[in-house]
Number of protein chains: 2
Amino acid sequence: MNTLAYGLLGLVARTPSSGYDLMLQLQPFWQAKHSQIYPLLAKLEQEGYLEFTRVHQTDRPDKKVYSITEKGQIALKLWLGQPAVEPVVRDELVLKAYCLWLADEKMANAIFTERMDHCKEQLQMYEDYIKELTTEGEGVPDHPDHPSFGDYILLSWGARRMKDDIHWCEWVMDLLKKRA
Amino acid sequence: MNTLAYGLLGLVARTPSSGYDLMLQLQPFWQAKHSQIYPLLAKLEQEGYLEFTRVHQTDRPDKKVYSITEKGQIALKLWLGQPAVEPVVRDELVLKAYCLWLADEKMANAIFTERMDHCKEQLQMYEDYIKELTTEGEGVPDHPDHPSFGDYILLSWGARRMKDDIHWCEWVMDLLKKRA
DNA sequence: TTGAGCATGTAATGGGTTACATGATTGG
DNA sequence: CCAATCATGTAACCCATTACATGCTCAA
């Protein structure tokens, strides 16, 4: 049982979903390809944490819809109580920033502009999701017992993070402009 | 040649160092264990990107001090010009936040308190490094051509990130307090 | 003398990406 | 008819962690 497994249990606990759907839901918060998700779902099913029903669709290919079992729910709650492992960040930009003294101004600017653009895109995505969430439901989900509260704080986390990175990039590019 | 390899080249390009030392320097920005670093250094040496001299020490065990070759420098500068791969974040807390509706208030608070404490520790570390950098040198390193400029913006990045995470945790815990 | 930090390595295993494969359905 | 999206899977490979292994030096 690794972190991704609990992540999948957490998603399924809220809404029974297909592997494909889980992949899409997970993308913004935990990068995982379908080639990792499908075998893991099969394993979780074999071990009794999940069960699935084959759902026939007329407009689309059939799918396996997974839902959580009692065993899965117990495992999920136990995991929630455990201390979280430290976050891992792997950002190539950080290593490049360390080598900035080797780059000319043009190259340096390109590096940070690229990142800033990427962050702005991501920020837009997070804000779109937040808007969707707050208009679909009745305003800001402020009740921690409701599933959408999790969505809300997560999306806020993502948006904050992107804003902060954008500010950092602006700050660095400002310093670069002022170089003698 | 993976990202870690370029990270090592970047560190060595600035100051010839031992594997042990590189491991320590890299920790705050790219998590890598010695078991990954030592074989990679050996490979980079065999392929001509690095070279090493065995340095005898009286007070400590002998060490291999790696320095960059011309081939290594060329590869490093080429890498700098390439677009950076998107950052990957793997944060278990994020997945737990999604399941917050399954947790009671005590558990929810524990999760965020733990993270906040961790961030505060990290922030302290980054700020200590910044202080060291700005007192050792002549004030804030504002010249992008100088290696310490990279240090400065990187440490600022780390500190920013921790502050932002702390604010987010405070914000969430505030919402939790207000629960009916 | 024993534990902590310095120093280097290998082996086994687990996590994650890329590539290979297949096939349905819909809209342009 | 062709590209895009939905849908599921496997195999090979690379990246990263954990565990195994050794040995030096210094300070408590």
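Throughout, protein chains are lettered first and strands after them, A, B, ... in sequence-line order, and every chain is numbered starting at 1. Bear in mind the structure is a predicted one, so any value in this text is a computation, not a measurement. Any value given below was found using the heavy atoms of this structure, including those in side chains, with hydrogens, waters and symmetry copies removed.
Note: CD (A:Q31) to P (C:dT18) measures 12 Å, nearest angstrom. Rounded to whole Å, the distance from CE on B:M23 to C1' on D:dA16 is 15 Å. We find that CG of A:D59 is positioned 9 Å from P of C:dG27, with the value rounded to whole Å. Between B:L26 atom CG and D:dT17 atom P the separation is 11 Å, expressed in whole Å. Following rounding to the nearest Å, A:L40 (CG) and C:dG14 (P) show an atom-to-atom distance of 13 Å. C:dG9 atom P lies 8 Å from atom CG of B:L41, rounded to whole Å. In this structure, B:L24 atom CG and C:dT8 atom P are separated by 10 Å, rounded to whole Å. D:dA11 atom P lies 17 Å from atom OH of A:Y38, rounded to whole Å.
Taking only side-chain atoms of B:R60, from C-beta outward, the nucleotide of D:dT8, C:dC6, C:dG9 with the closest atom is C:dC6. Checking C:dT10, C:dT17, D:dA7 against every side-chain atom of B:H34, the shortest atom distance belongs to C:dT10. For A:P39, counting side-chain heavy atoms from C-beta on, the closest listed nucleotide (D:dA16, D:dT10, C:dT8) is D:dT10. Among the nucleotides D:dC15, C:dC6, C:dG16, the one closest to the side chain of B:Q36 is D:dC15.
Close placement of the B:W171 and A:Y152 rings is indicated, their centers lying within 6.0 Å of each other.
Along DNA chain C, the nucleotide closest to A:L4 and the one closest to B:K64 are compared, and the more 5′ of them pairs with B:K64. Nearest-nucleotide positions on DNA chain C place B:G19 closer to the 5' end than the other of B:G19 and B:V88. Comparing A:Q57 and B:K33, the nucleotide of DNA chain D nearest to each residue sits closer to the 5' end for A:Q57.
The phosphate of C:dA24 has neither OP1 nor OP2 within less than 4.0 Å of any side-chain N or O from A:K63. When the side-chain nitrogen and oxygen atoms of B:Y20 are compared with OP1 and OP2 of C:dC6, one or more of them lie within a distance under 4.0 Å. Remark: B:R90 is in phosphate contact with C:dG16, judged by side-chain N or O atoms under 4.0 Å from OP1 or OP2.
Contact record, A:M1 with A:K43: N-NZ, 4.3 Å, taken as the closest heavy-atom pair.
At a threshold of 4.0 Å, the pair B:R161-A:D91 does not count as salt-bridged, since none of the basic side-chain nitrogens sits closer than that to a carboxylate oxygen.
Between the side chains of B:E92 and A:W79, a donor-acceptor pair is found at a separation under 3.5 Å.
Across all strands, A:D62 comes closer than 4.0 Å only to sugar-phosphate atoms, never to a base (heavy-atom distances). In this structure, B:S35 reaches the bases: a heavy-atom distance under 4.0 Å links it to at least one base atom across the strands shown.
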(message) salt bridge (Lys or Arg N to Asp or Glu O under 4.0 Å), that's the test. Do A:D164 and A:R160 meet it? Break it down for me.
(response) CA-CA 6 Å; A:D164 197 51; A:R160 284 195 78 107; over 6 Å; no
